[in-house]
Structures are given as C-alpha cells and as structure tokens.
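Heads up: the structure comes next, in structure tokens.
Here the structure is a predicted model, which means the values were calculated and not measured. Computation of the quantities below employed the complete heavy-atom set of this structure, encompassing side-chain atoms and omitting hydrogens, waters and symmetry-equivalent molecules.
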Amino acid sequence: MNQHRPGAAQYVLLALLAIVFLYPIWWAVSSSFKPAAEIIASPLSIGELTLDNYRAMFADVPIGTGFVNTALVLLVKGGMTMVFCPLAGYAFAKYDFPFKNLLFGVVLLTLMLPTLVLIIPLLLEMSALGWVNTYQALILPGSIDAFSIFWMRQTIAAIPDELIDAGRVDGAGEFRIFSKVVLPVIRPGLAALAVLTTMNIYNDFVWPVVAVNDTAHQTLQVVLSTLAQNITGNRIGADFATVWGELLAAGSIAMLPLLVIFVLLQRHFINGILAGSVKG
C-alpha cells in the first residue's frame, strides 16, 4: 500500500516551527549563564559564561524548599488522582447503576465553574478544619477532579465489553479485571493523564498562594512569584539586571523537570490524547 510521506517542504516548515518554539527556551537558559549586566547590554549575544546567577539565586531565595514541597504535593496529590479517577471513570463507563447519567452530568457541570469561584468556599472550609498553612490544604482540594474522571471515562469506554465479560466468565473479581484487563489497555491514556496532572500540579499558583502563608509550605511557583522581591530585599543595591539574571536562572531550573517528563512520555502522551478523543 502506498503511504503518503512528508516532502522536503514539510520538513523545512516543521524545522522552522521548531526553531520558533525552542528559541525562547534556548535564550532563557543561555542567558542565565551570562553576567547580569551583559543580559541587558547585549541580550542576543553569547559571551562570557558564569554560574554567578545560580549561586546568587540559591543564596537569595528558598528555591530548594519550593522544590521539596512541590515534589511532596505532586507525589501524594498526583498519586490520588492516578488511583481514584481511573476507578471512577471505569464505574461510569462500564457499570449500570441508578442515576448514573445524572451523576456524570453533575461531574461535567463542575467543569464549568471557574477556579476563582471555588477559592473562597475552599479557604473557609480549610480554615474551619484548621488546615490553613498545612500540606492537607495543598493536597486534598482538587486531588480528584472532574476532568480526570471524564478523561478516564472516555478512554475506558472504548474498551470492548467482551474483554471485561471474558474476565468475569473466568471468575476474576472486579478489581482483578480492572488491574489485569483494563489498566494494560488504557496505559497510553494513563500516561497522558499523568503528564497533564503533573503539569497542572507543578504549575498551580492561585490555590497554593491562598492556602499557604508561611515560607515552610510554599510551593515552587509561589517561591518564584516572590523571587524578585526576595532578591531586592536580601541585597542592598540590587539592580534590574541582577534581578533578571537570577529570574532566568530560577526559571531555567524550574522548567527542567517538566521538559524531562514530557520528553520521556511524549509518545504515550500523544497516543493517550488520540485514545481519549474516541467518543464513548
């Protein structure tokens, strides 16, 4: 069978698009190794390379604490999402129970609520429970979200019912069917959900900055948001160039984990996006 193969013009176009999208990342990383004054004086040139921006940034801001807190929230909150949302999606996709469509409709309706609408009720709830400035406030709200349930429901709905019925005929229990039959089939969808969940938790700023006021529990994005203020407050006479150098250094470090995760899981992520688009 003849298959359409991209021509030279298409490769050139893709290369140009790649350069356009990757150039800002390259500029930010390369500029973070330049002296602070040179970033402002000649932003497009590559001259002397130095680690001064990174040394000063680590000395001025608690970015290590932000990384540790973000990693903790990501592991626990992301783990809860990856465990409970596929189970809920499996129930909505393959089980018949009273008011199933109504409950699923309510889940979808919550997607229409802006995040800012939920902040005050959630903050009042955290305050009533005594969870302000705690890891519970950072982890539990949003750990089981409507989009992840919807995503898993659409992915699992594409699995033929005959596979599940065959497992039941063989005497397998429901959790064994889910772990041995469903999970291997939806692995690309799970990988895509893992990438999306990681990005959402890692980049979350609005809720952490509201729920946490002390520096001991600040996540990475909150630390980065106060970076310029901390630099100027910790160093007398810090100029605009100094702030830019340390900001680029911090941004380069914060960007690295997401790039590594996406590069490692990009094939599964793309396959999961295509699998999740199947109408169930």
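- Using a distance-only test at 3.5 Å, with no hydrogens or angles considered, no donor-acceptor pair links the side chain of W131 to the main chain of A211.
- Closest heavy-atom contact between G66 and V223: CA-CG2, 4.0 Å.
- Put simply, the side chain of K77 never gets that close to the backbone of L72: no donor and acceptor are under 3.5 Å apart.
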Run the side chain to side chain contact (heavy atoms under 4.5 Å, CB included) check on L140 and M80 step by step: do they pass? CA-CA 9 Å; L140 293 180; M80 294 177 65; 4.0 Å; yes
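- Counting heavy atoms from C-beta outward, F33 and N53 have side chains that stay 4.5 Å or more apart.
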Walk me through whether N203 and Q221 qualify under side chain to side chain contact (heavy atoms under 4.5 Å, CB included). CA-CA 6 Å; N203 293 325; Q221 301 303 325; 3.8 Å; yes
One pair to check against side chain to side chain contact (heavy atoms under 4.5 Å, CB included): L103 and F92. What are the steps and the verdict? CA-CA 9 Å; L103 290 175; F92 279 120; 4.1 Å; yes
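- The NZ atom of K34 sits 9.5 Å away from atom CG of L49, with the distance rounded to the nearest 0.5 Å.
- Between Y95 and Y90, the ring-plane angle classifies as perpendicular under the 30° and 60° cut-offs.
- A continuous path of hydrophobic side-chain contacts links L122 to L113 [ILVMFWY only; heavy atoms under 4.5 Å].
- Expressed to the nearest 0.5 Å, how far CD of Q218 lies from CD1 of I63 amounts to 12.0 Å.
- In this structure, T197 contributes its side chain and A194 its backbone to no donor-acceptor pair below 3.5 Å.
- Rounding to the nearest 0.5 angstrom, the gap separating the CH2 atom in W207 from the CG atom in L123 is 5.5 Å.
- The side chain to side chain contact (heavy atoms under 4.5 Å, CB included) with T219 is formed by just one residue from the set V68, T65, T70, V212; it is T70.
- Judged by distance alone, with hydrogens and angles left aside, the side-chain atoms of K180 form no donor-acceptor pair with the main-chain N or O of G167 at under 3.5 Å.
- At a threshold of 4.5 Å between non-hydrogen side-chain atoms, the residues M199 and I261 do not count as touching.
- Looking only at side-chain heavy atoms (C-beta outward), P35 and D52 stay at 4.5 Å or farther from each other.
- Residues I253 and V263 are members of separate hydrophobic clusters, defined by side-chain heavy-atom contacts under 4.5 angstrom among Ile, Leu, Val, Met, Phe, Trp and Tyr.
- Both F97 and I164 belong to a single network of hydrophobic side chains, linked directly or stepwise wherever heavy atoms of I, L, V, M, F, W or Y lie under 4.5 Å apart.
- From L129, atom CG reaches atom CG of L124 across 11.0 Å, with rounding to the nearest 0.5 Å.
- With hydrogens and angles ignored, the 3.5 Å screen pairs no side-chain donor or acceptor of S148 with any backbone N or O of I144.
- Linking Ile, Leu, Val, Met, Phe, Trp and Tyr whenever their side-chain heavy atoms come within less than 4.5 Å leaves V195 and L75 in two separate clusters.
- Of the inter-residue distances, the one linking L256 atom CG with I25 atom CD1 reads 11.0 Å to the nearest 0.5 angstrom.
- Both F205 and V210 are assigned to one and the same hydrophobic cluster, defined by single-linkage of ILVMFWY side chains at heavy-atom distances under 4.5 Å.
- Here the side chains of W27 and L248 are in contact, with some heavy-atom distance below 4.5 Å.
- Contact between V29 and S252 at its shortest, heavy atoms only, is CA-OG, 3.5 Å.
- N200 contributes a side-chain N or O that, together with a main-chain N or O of L196, makes up a donor-acceptor pair within less than 3.5 Å.
- Although no hydrogens or angles enter the test, the distance criterion places no donor-acceptor pair under 3.5 Å between the side chain of S31 and the main chain of A28.
- With a 4.5 Å cut-off on side-chain heavy atoms, S32 and M57 do not count as touching.
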When you look at V12 and L16, which way does the side chain to side chain contact (heavy atoms under 4.5 Å, CB included) test go after all the steps? CA-CA 6 Å; V12 172; L16 291 176; 4.2 Å; yes
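- Residues V182 and K94 fail the side-chain proximity criterion, which asks for heavy atoms closer than 4.5 Å.
- For P257 against Y202, the heavy-atom pair with the smallest separation is CG-OH, 3.5 Å.
- Atoms CD1 and CD1, from I186 and I156 in turn, are 4.0 Å apart once rounded to the nearest 0.5 Å.
- The closest donor-acceptor contact from the side chain of T155 to the backbone of M152 lies at 3.5 Å or more, if one exists at all.
- Proximity of Y135 to N69: side-chain heavy atoms (C-beta onward) are separated by under 4.5 Å at one or more points.
- The shortest distance between side-chain heavy atoms of L87 and F178 falls below 4.5 Å.
- Under a cut-off of 6.0 angstrom, the local environment of CZ in F21 is sparse, with at most 12 non-hydrogen atoms contributed by other residues, nucleotides or ligands.
- Within a 6.0 Å radius of CZ in R176, other residues, nucleotides and ligands contribute 12 heavy atoms or fewer.
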